[in-house]
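So the structure is just underneath, and the comments pick up after that.
This is a predicted model, so every value here is computed, not measured.
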Amino acid sequence: MSATPTTPPPALRPYLSARHDLLWQEADAFAAEHVAPRAARMEAAPGRVERKVADLMAARRWFAVTVPAAFGGLGAGHVAKTILVHRIARVSAAAAAILQATLIPVGALLHFATYEQKGYWLPRVADGSLLLSIAVTEPQAGGHIGGIETTAERAGNQWVITGSKIHIGNSHLAGAHLVIARTAEAGVSTSQALTAFMVAADRPGLSVSDHRPGLGLHGFSAGHLDLDHVRVPEDHMVGEIGQGLAVAQSSSILYGRPNLAAVSLGIHEAVVDTTTARLKTRPRYRGALSDLPVLRDRIGGMEARLRAGRILAYQSVHLLDQGLPCDADLINAKYLGHQWAMQSTQDAMELHGAHALDRDYILQRLWRDIQHTYPPAGTGEVQRIRLADAAFDEDHIQWSERLAAEAAWAHPDPTAA
């Protein structure tokens, strides 16, 4: 697959400005120059956490793409964020995962932190000196927020946090973790039982297990955090006591789900590009495989899914930038974006025959990487239940309407200084 810069397809014109076009070209050029040469190395050394790509993205302030200029960010909004994640994921889903994973806790800080807290944390994210993670998932509870067992107990003007977190994106790169912990006794409603805390990675008692590579996304770390009576200052609590569920859910919907839709979209494009290039150059019956109607039928299905997934990914974040209620659209973009990309990847594997099984061929990496966009921010079952809530008009909280409108981007220009 080529990493040559491209222009946005006409179908995205309603959602993109001229400045978005510039960011699209910048992201493609970055991916071609800095990500593509490292992709093979990342794949060949899955036990190694990729740091250089993170540094290069940080130098461009991309980890602060949605952070207002007042705190050093680009103030560019969610469409711009989707462009960055999508275009990088075409070349390396692992590199895109590094970017998107920090953007989730950044969103939580934007919506729930005090002005003073934003001034303390966000400028360091913007200048690239601090990456973040969000630590919600646990060994026993998994992604079930109501089952969180990590506790935080007040001790004077500090909080003492004890527990374990797993599958934490950027666990080995983050200088601070947004930890969701239980602050109420058993029996208290989950909506009031949890609280969010910023925990610096160098706090005594906080340890990160050695990096263990997953099935895909080689170079990206999603590790295990242990917190053994970790003390954090009271002013590191994000939001109010009992707002942890709101912090986690809103960040997942407004950032996690559209981010993963963008990763799926980038993988999906790479799958289609790889497959069509193969079929066009593979000779068969005095022509090429691409001339065979039975194969063109399969490619047509892949292209249909890709075009639909692209529209869903960008339309939903466009609505979010407008401050319009679009929670269900963001959920749907993540759900169908993964489903469609997964189906196309399986089709591609079959269309390639035994060649798809070659260890060094890109398609094997794409097949493994797409598996990683299913569980985070809610599995397919969770997404369908939330969509059913929308169908029955029972989705009473619209985080997109409640919070996105508060984040008035200081500079709507994604390339502004």
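The CD atom of Gln339 sits 10.0 Å away from atom CD1 of Ile370, with the distance rounded to the nearest 0.5 Å. Note that OG1 of Thr151 is 8.5 Å distant from CD1 of Ile161, once rounded to the nearest 0.5 Å. Here the straight-line distance linking atom CD1 of Ile83 with atom CG of Asp21 works out to 7.5 Å at 0.5 Å rounding. Note that NZ of Lys118 and CG of Leu109 are 8.5 Å apart. Values are rounded to the nearest 0.5 Å. Between the CG atom of Leu103 and the CG atom of Asn170 there is a distance of 9.5 Å, given to the nearest 0.5 Å. Here Gln398 contributes atom CD and Ile253 contributes atom CD1; the two are 8.5 Å apart, rounded to the nearest 0.5 Å.
Between the Glu43 side chain and the Asp360 main chain, no donor and acceptor come within less than 3.5 Å of each other. With hydrogens and angles disregarded, no donor-acceptor distance shorter than 3.5 Å links the side chain of Arg41 to the backbone of Pro37. Using modelled atom types, one side-chain atom of Asp321 and one backbone atom of His78 make a donor-acceptor pair closer than 3.5 Å. Judged purely by atom type and a 3.5 angstrom limit, Thr102 uses its side chain to pair as donor or acceptor with the backbone of Leu132. Remark: side-chain polar atoms of Thr379 are not paired, donor with acceptor, to backbone N or O of Pro375 under 3.5 angstrom. Not a single donor-acceptor pair under 3.5 Å links the side chain of Lys334 to the backbone N or O of Ala313. Formation of a donor-acceptor pair under 3.5 Å by the Glu50 side chain with backbone atoms of Ala94 is not found in this model. Judged by distance alone, the side chain of Asp327 and the main-chain N or O of Trp399 form a donor-acceptor pair under 3.5 Å. Looking at Thr183, its side chain never comes within 3.5 Å of a backbone N or O of Ala152 through a donor-acceptor pair. A donor-acceptor pair is defined here as one N or O able to donate and one able to accept, closer than 3.5 Å; no such pair exists between the side chain of His229 and the backbone of Thr162.
Electrostatic pairing of Glu350 and Arg298 counts as a salt bridge here, judged by a charged N lying under 4.0 Å from a carboxylate O. Ionic pairing of Asp389 and Arg386 is present here: one or more N-O contacts between side-chain nitrogen and carboxylate oxygen are shorter than 4.0 angstrom.
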- Please report the C-alpha distance between Ser133 and Ser171 in whole Å, then the side-chain angles of each, then the deciding distance to 0.1 Å, and finally whether the side chain to side chain donor-acceptor pair (under 3.5 Å) criterion is met. CA-CA 6 Å; Ser133 85; Ser171 53; over 6 Å; no
- Task: Could you go through the side chain to side chain donor-acceptor pair (under 3.5 Å) check for Arg124 and Ser129 one step at a time?
- Result: CA-CA 5 Å; Arg124 289 189 286 160; Ser129 62; 5.4 Å; no
- Message: One pair to check against side chain to side chain donor-acceptor pair (under 3.5 Å): His224 and Asp226. What are the steps and the verdict?
- Response: CA-CA 7 Å; His224 188 130; Asp226 284 310; 3.2 Å; yes
- Does the side chain to side chain donor-acceptor pair (under 3.5 Å) test come out yes or no for His268 and Ser344, once each step is laid out? CA-CA 7 Å; His268 203 164; Ser344 291; 2.8 Å; yes
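By the 30° and 60° cut-offs, the orientation of the rings of Phe30 relative to Trp62 is perpendicular. Ring pair Trp121/His236 is perpendicular by interplanar angle, where above 60° counts as perpendicular and below 30° as parallel. Ring pair Trp24/His86 is perpendicular by interplanar angle, where above 60° counts as perpendicular and below 30° as parallel. The aromatic rings of His355 and His352 lie parallel to each other, with less than 30° between the two planes, well short of the 60° mark.
A heavy-atom distance below 4.5 Å is found between the side chains of Gln100 and Val263. Under the 4.5 Å side-chain criterion, counting only non-hydrogen atoms from C-beta, Leu206 is in contact with His177. Looking at heavy atoms from C-beta onward, Val53 lies out of side-chain contact with His34 at the 4.5 angstrom threshold. Put simply, the side chain of Ser400 does not reach to within 4.5 Å of the side chain of Asp329, judged on heavy atoms. Residues Tyr255 and Thr66 form a side-chain contact, since some pair of their non-hydrogen atoms from C-beta on lies under 4.5 Å apart. For the pair His372/Phe220, no side-chain contact is recorded, criterion being any heavy-atom separation below 4.5 Å from C-beta on. The closest side-chain heavy-atom distance from Leu74 to Val67 is not below 4.5 Å. By the 4.5 Å heavy-atom criterion applied to side chains, Val247 and Leu178 are counted as neighbours.
In this model, no donor atom of one side chain and acceptor atom of the other lie less than 3.5 Å apart for Ser221 and His211. Residues His167 and Thr137 have side chains that never bring a donor and an acceptor to within less than 3.5 angstrom of each other. If you check the side chains of Glu138 and Ser164, you find no donor sitting under 3.5 Å from an acceptor. For the residue pair Thr6/Asp28, the side-chain donor-acceptor check at 3.5 Å is satisfied.
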